Amino acid sequence: MSNRINQLQQLIKDTNNLHINSEWLAYTGVIEYFPEELIITIKAGTKINDIQIQLAKYNQTLPFFIKTADMSIGAAYAQGAQDLSDCVLGVKIIDGTGEYLNFGAQVMKNVAGYDVARLLVGSKGKLAIITQISFKVMPISYMTQLSAPIKRAITSQLHQQIEQKLKQVFDPRGIFN
Amino acid sequence: MEVIQQLLKQLKGIVLTGKENTRPFECDGLSVYRQKPLAVVLPENIAQIKQVLKICKDNNTPVVTRGAGTGLAGGAMPLENSVVLGLSKLNQVKSIDVENQLAVVEPGVKNIAISEAVRQHGLYYAPDPSSQIACTIGGNVAENSGGVHCLKYGLTVHNVEAIKMLTIDGDELILSRQDDGLGLLALMNGSEGLLDIITEVTVKLTPTPVLARVVMAGFDSVRDCANVVADIIKAGIIPAGLEMMDSFAIEAAEEFAKVGYPLDAKALLLCELDGTQTQVQAELDSVLEVLSGASTLKVSESEEERLNFWKGRKSAFPAVGRLSPDYYCMDGTIPRRHLADMLEKINELSKKYQLRVANVFHAGDGNLHPLILYDVNIEGELEKVEEFGTKILKLSVDMGGTITGEHGVGVEKLNAMCHQFNAKELAIFHKIKAVFDPKSLLNPGKAVPELHRCAELGAMHVHHGKLPHTKLERF
Amino acid sequence: MQTIDIQNLKANDIIRKCVHCGFCLATCPTYQLLGDELDSPRGRIYLIKSALENHHFSKQSIIHLDRCLTCRSCETTCPSGVEYAQLTDIGREFIEQKRPLWQKVYRYFVRQFLTTPILFNSIGFIFRHSQVKGKSIKPIVKIGKVLLLGGCVQPMLAPNINHSIKNILAKLGYETIETPQKQCCGAIDQHLSASHDALAKIKQNIDTWLKVETEVIISSASGCGLMVKEYTSMFEALDPYYQKAQLIINKTKDIAEFLADQDLSQLNLEKVDISYHEPCTLQHGQQLGGLVDSILNSLGYQQMPVVDSHLCCGSAGTYSIFQPKLSQQLRANKLKHLQVTNPQMIVTANIGCLMHLQKQIKIPVKHWVELLDNQT
């Protein structure tokens, strides 16, 4: 396990209040990329632009709408979008108690356990620190026109309660804000 | 039992009780594990589902939701003293929105019935598990079912726009891909009936491709065939389907489907290409070049022939029932680059355990379905099979993959879950369940093993090919 | 007791083939309508298994088994090769003992009525579907002789079918010998769990038919044809009748099988827009699905694929008599699908389907061979 992960775990254990962003995370780079597998695993602080440069070498791309390539992949994940969620395969996270956890896998199909890797898409940094993400990528020639995701605010009270309870699952101390 | 009395009293005509009536529901498509429920209820509307949930909740009775009972991991197997909630009567396609390519369907609608209902509009529902003629969309969502076309068109989770669900309290919740918040819709996909009862599904429809053709290639060695799979993707092609079968599977499928599979081949590859005429031709040219080392090569010349090529593949599991009285089906997924190694390991194990294995798999996405052939009537054989199976699943996790690609954990892979997830991760799963179902009444005990189970198993948790986690807590 | 054991062994073999995949649910007409697994093949296999194991069978289960059409659509679907119909026969034989007396009496009379020509003909004319049309043609060049299974109810209800077949065969150069009405194939007895009576008829048929010097036995009703093609299943392999039955089976062909190999260009066709209903006994029982379609297509009859063509029309032998509600539902669905193209006529290949469909529709329903003997 990398030093940075250990540091982050310790940081979380020591703090009561944390706002996550990619500069603070300081965790960047491609961990694994197998073009013939169509799978890339990236550290969450990596700029989308940097990822796209790597992928372009093999005529591949991240198959979701990118508003600004200057953003980190972790930020895009935290903001959430339907098409981004569709190509998430796995994540590693540090939860609110400092535990380093792994959900999903580096394969196309995986139904073992609840789909936490996709549940946390759109979690806006309030449930856990996302440290690395595995994505399904696509050959550029297969991409069709992408458009900005449509988002609807949640109005159902029950839905809001459930989200609140799920935050407590990952962040029982309520340190992420 | 109080709960049976209440059900019979309040829900006349839709409750089945007694040994004779409930026994046919004692298992799903995985018949090794069986358990008779207290009662089976077959509701005809949502109000009745709510009544069932209320009665069961009041009596602390577990509820096991069932679609067509075609699952292969025991997800719909009843639990002791449980009530089976069969949604097969809710089988109406409620509306079709051609412009937005959506269809709203009840949970008991068969997968293939959606495609049939929208065919006249030039659309279809893309995910096609092999049991698609029978399995229901509700079950597909609960299991996040895959199929032979998901490399290009995605799994169920990619093709569901929204669902209506009930919590155990009978409260309705609508989840949509457009929700600005956590991925709750994705969470429900593949939650194996532990979190909710799905009462309505809005599915995304896909335009029927102008043309689809299947290349059928036979190989003299399994390794050659496996390597070709990577070569096709390397050539920049995403086939609509990319499937592989070994000689046993070929033999069984051919016996049922009689479609002309090459019986002397050691491995068979089915590669489907779809799109416009030009796209298909271009892809076909590249694929045929990659496949130049094949011992036999055939391209479907008509839609009828294409469907025939698939017919054998889609019936391969039950058709293996012709070769052997019983079979045990695995569902591990591995990174594609390890495909050939994995097949060799399976072969070694097959020799070691003296059990024949038929391999059928979604080669395109590394999802393996080794079928271990055995006879349950031979004493000790099932135990041998389970050990063999566990070894394969461990290997899958070791190679950076997963124990189940599309069939789900159910009751069958609970032990293997202890290898894929550590205690902290499993604890998160349990807490997620508690958010939706604090009394643990929805399909309890399935999909996520209790922590003590893993402890008793003494499982060594292996993380993605690396050495066992040194900091892992031991119970 | 010994027969029960043998039956049990046979049933066990069949049941063991089932891997419980549930594919059969998809194509079972009653599961489609009722959505209850007890009304599906997989459910019924369970009920039969319970019955044979525990010698117990409730009234409720008799209902589920009675609702089965024995259309064998499930057999076509089953990748594991479960011989469901054989199993149902065994199960039905067993439950027959548990059936209430009034049902037994009712079923007995229906059976006797249909299979005793004197009884049936004296009342059956009320239900007559159509008369013989046109004259009989004599074969000019004799290529050979065929034995035509006349059928038990067909000669009274729709005599023009066999009349047409004889004319067609004559034109092709064959002389036809028709079996008399009393030589019923045994299907009605067999399906109403009177295998004893069925067996008596079958043995008699075998002995009589073997005496006829012919290479071919032709059946014009796919239901009878199926029964005859399964005669061996009525006997143990060591029974001398088993061999004899095999000889009969080797000769037996549905009229479609026979005509598929013939040059039909000389025939006068009735030019009419048709929709073809494939009987279950032909597509699932005899596994000859698509054969009639291809003959009709080759003769120039344009056809669109019929939705749910694999599902039963609800006739299913005596099913329409004992299960009127389900039978009518299935018929309504079938007629809806058959009429999508606004045909002028519906054709089929079995007398049961023909009579059943005609009851609820104004345009004529005929046997498809009648199209090939146009004398106007």
Side-chain angles (χ1 to χ4, degrees), chain A residues 1 32 34-39 58-60 80 82 85-88 95 97 99-124 127 138-142 149-154 156 158-160 162-163 165-170 172, chain B residues 143-144 146 150-151 154-155 157-158 167 171 173-184 186-187 189-191 230 233-234 236-238 333-337 362 364-367 400-409 413 417 420-421 424-425 428-429 431-432 435-436 447-448 463-464:
Chain A
M1 205 183 303
E32 264 185 352
F34 296 100
E36 75 277 15
E37 304 262 355
L38 302 172
I39 294 171
Y58 295 90
N59 296 318
Q60 294 182 345
Q82 301 115 39
S85 167
D86 281 345
C87 53
V88 169
D95 73 2
T97 63
E99 290 299 335
Y100 188 47
L101 307 168
N102 180 35
F103 296 102
Q106 284 71 51
V107 286
M108 289 292 170
K109 272 171 156 179
N110 175 20
V111 292
Y114 300 122
D115 197 346
V116 173
R118 288 196 181 97
L119 170 69
L120 295 180
V121 174
S123 57
K124 303 188 172 68
L127 271 70
M138 285 293 267
I140 293 168
S141 58
Y142 282 84
I150 307 160
K151 286 190 185 180
R152 249 190 352 224
I154 293 156
S156 148
L158 175 63
H159 195 148
Q160 286 165 354
I162 288 172
E163 290 215 343
K165 286 184 192 164
L166 284 169
K167 176 174 166 64
Q168 284 162 17
V169 168
F170 289 88
Chain B
E143 300 291 329
N144 189 12
C150 45
L151 182 62
L155 307 155
V157 67
H158 301 112
T167 63
D171 294 328
L173 191 61
I174 298 172
L175 300 175
S176 148
R177 285 167 69 82
Q178 299 180 355
D179 292 340
D180 186 11
L182 297 176
L184 287 187
L187 177 68
N189 275 276
S191 60
I233 311 283
K234 234 187 249 170
I237 292 165
I238 309 283
T333 302
I334 55 165
R336 251 190 314 258
R337 60 187 178 279
H362 307 297
D365 33 43
N367 187 194
T402 175
I403 57 167
T404 172
E406 57 180 6
H407 295 169
V409 175
K413 304 182 195 80
M417 279 291 279
Q420 187 163 343
F421 295 99
K424 304 281 184 200
E425 289 153 357
I428 294 271
F429 290 151
K431 285 180 198 160
I432 291 174
V435 166
F436 293 88
V448 184
H463 241 312
H464 298 251

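Labels below follow one simple rule: chain letters A, B, ... track the order of the sequence lines, proteins then strands, and each chain is numbered from 1. Please read these numbers as outputs of a predicted model, since none were measured by experiment. Reckoned from all heavy atoms, side chains included, excluding hydrogens, waters and symmetry mates.
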Subject >> Value rounded to 0.5 Å, distance of CD in A/Glu37 from CD1 in B/Ile334 >> reply: 9.0 Å

Original post:
If you take all heavy atoms of A/Ala105 and B/Gly400, which pair is closest and at what distance?
Top reply: CB-O, 4.3 Å

Original post:
Hey, what do you get for CZ (A/Phe103) to CD (B/Gln420), rounding to the nearest 0.5 Å?
Top reply: 11.0 Å

Original post:
Using non-hydrogen atoms only, which part of B/Ile238 is less than 4.5 Å away from chain A: side chain, backbone, both, or neither?
Top reply: both

**OP:** First locate atom CG of A/Asp115, then atom CG of B/Leu187, and finally report the distance between them rounded to the nearest 0.5 Å.
**Re:** 7.5 Å

Subject >> Note, B/Ile237 side chain near A/Tyr142 side chain (heavy atom, < 4.5 Å) >> reply: yes

**OP:** Please state whether the side chain, the backbone, both or neither of A/Phe34 comes within less than 4.5 Å of a heavy atom of chain B.
**Re:** side chain

**OP:** Report the option among B/Val448, B/Ile233, B/Asp365 that has the most heavy-atom pairs separated by less than 4.5 Å from atoms of chain A.
**Re:** B/Asp365

Subject >> Residue, of A/Pro35, A/Gly80, A/Gly113, that accumulates the most heavy atom pairs under 4.5 Å with chain B >> reply: A/Gly113

Original post:
Out of B/Gly236, B/Gly364, B/Ala230, which one racks up the most heavy-atom pairs below 4.5 Å with chain A?
Top reply: B/Gly236

Original post:
In this structure, are over 12 heavy atoms from other groups packed under 6.0 Å from A/Tyr58 atom OH?
Top reply: no

Original post:
Atom CG in B/Asp171, atom CD1 in A/Ile162: separation rounded to 0.5 Å?
Top reply: 8.5 Å

Subject >> Distance, nearest 0.5 Å, that separates CD1 of A/Ile150 from OG of B/Ser176 >> reply: 9.0 Å

**OP:** Heavy atoms only, distances under 4.5 angstrom: which of A/Met138, A/Glu163, A/Gln168, A/Lys167 has the most pairs with chain B? Name it, please.
**Re:** A/Glu163

Original post:
Which bit of A/Val121 comes within less than 4.5 Å of chain B, counting heavy atoms only: side chain, backbone, both or neither?
Top reply: backbone

Original post:
Which of the residues B/Ile432, B/Leu155, B/Leu151 is involved in the greatest number of heavy-atom pairs with chain A at under 4.5 angstrom?
Top reply: B/Ile432

**OP:** Check whether any side-chain N or O of A/Glu99 sits under 3.5 Å from a backbone N or O of B/Lys424 as a donor-acceptor pair, and report yes or no.
**Re:** no

Original post:
Hey, which of B/Ala447, B/Gly146, B/Cys150, B/Gly181 has the most heavy atom pairs under 4.5 Å with chain A?
Top reply: B/Gly181

**OP:** Evaluate the criterion side-chain contact (heavy atoms from CB on, under 4.5 Å) for residue pair A/Ser156 and B/Ile174; output intermediate values, then yes/no.
**Re:** CA-CA 9 Å; A/Ser156 148; B/Ile174 298 172; over 6 Å; no

**OP:** Please examine the side chains of A/Ile39 and B/Pro335, heavy atoms only from C-beta on, and report whether any two atoms are closer than 4.5 Å.
**Re:** no

Original post:
Does any heavy atom of chain B fall under 4.5 Å from the side chain of A/Asn110, the backbone, both, or neither of them?
Top reply: both

Subject >> Residues B/Asp180, A/Lys124: salt bridge by 4.0 Å N-O rule >> reply: yes

**OP:** Check whether A/Ser123 gets within reach of chain B through its side chain, its backbone, both or neither, counting any heavy atom under 4.5 Å.
**Re:** both

Subject >> Salt bridge present between A/Glu36 and B/Arg337 (N-O < 4.0 angstrom) >> reply: no

Original post:
Roughly how far, to the nearest 0.5 Å, is OG1 of B/Thr402 from NZ of A/Lys109?
Top reply: 11.5 Å

Original post:
Under a 4.5 Å heavy-atom cut-off, does chain A meet the side chain of B/Val435, its backbone, both or neither?
Top reply: both

**OP:** Inspect the contact between B/Asp179 and A/Lys151 and indicate whether a charged nitrogen and a carboxylate oxygen are less than 4.0 angstrom apart.
**Re:** no

**OP:** List the steps and the verdict of side-chain contact (heavy atoms from CB on, under 4.5 Å) for A/Leu38 and B/Arg336.
**Re:** CA-CA 10 Å; A/Leu38 302 172; B/Arg336 251 190 314 258; 4.1 Å; yes

Original post:
So which of A/Ser85, A/Pro139, A/Ala117 has the biggest tally of heavy-atom pairs under 4.5 Å with chain B?
Top reply: A/Pro139

**OP:** Go through A/Met108 and B/Thr333 one step at a time and tell me if the side-chain contact (heavy atoms from CB on, under 4.5 Å) criterion holds.
**Re:** CA-CA 8 Å; A/Met108 289 292 170; B/Thr333 302; 5.8 Å; no

Subject >> Proximal component of A/Tyr114, with respect to chain B [non-hydrogen, under 4.5 Å] >> reply: both

Subject >> side-chain contact (heavy atoms from CB on, under 4.5 Å) evaluation trace for A/Val111 with B/Asn189 >> reply: CA-CA 9 Å; A/Val111 292; B/Asn189 275 276; over 6 Å; no

Subject >> Residue B/His362 versus chain A: region with a heavy atom under 4.5 Å >> reply: side chain

**OP:** Look at B/Val157, B/Val409, B/Leu173 and state which one has the largest set of heavy-atom pairs under 4.5 Å with chain A.
**Re:** B/Leu173

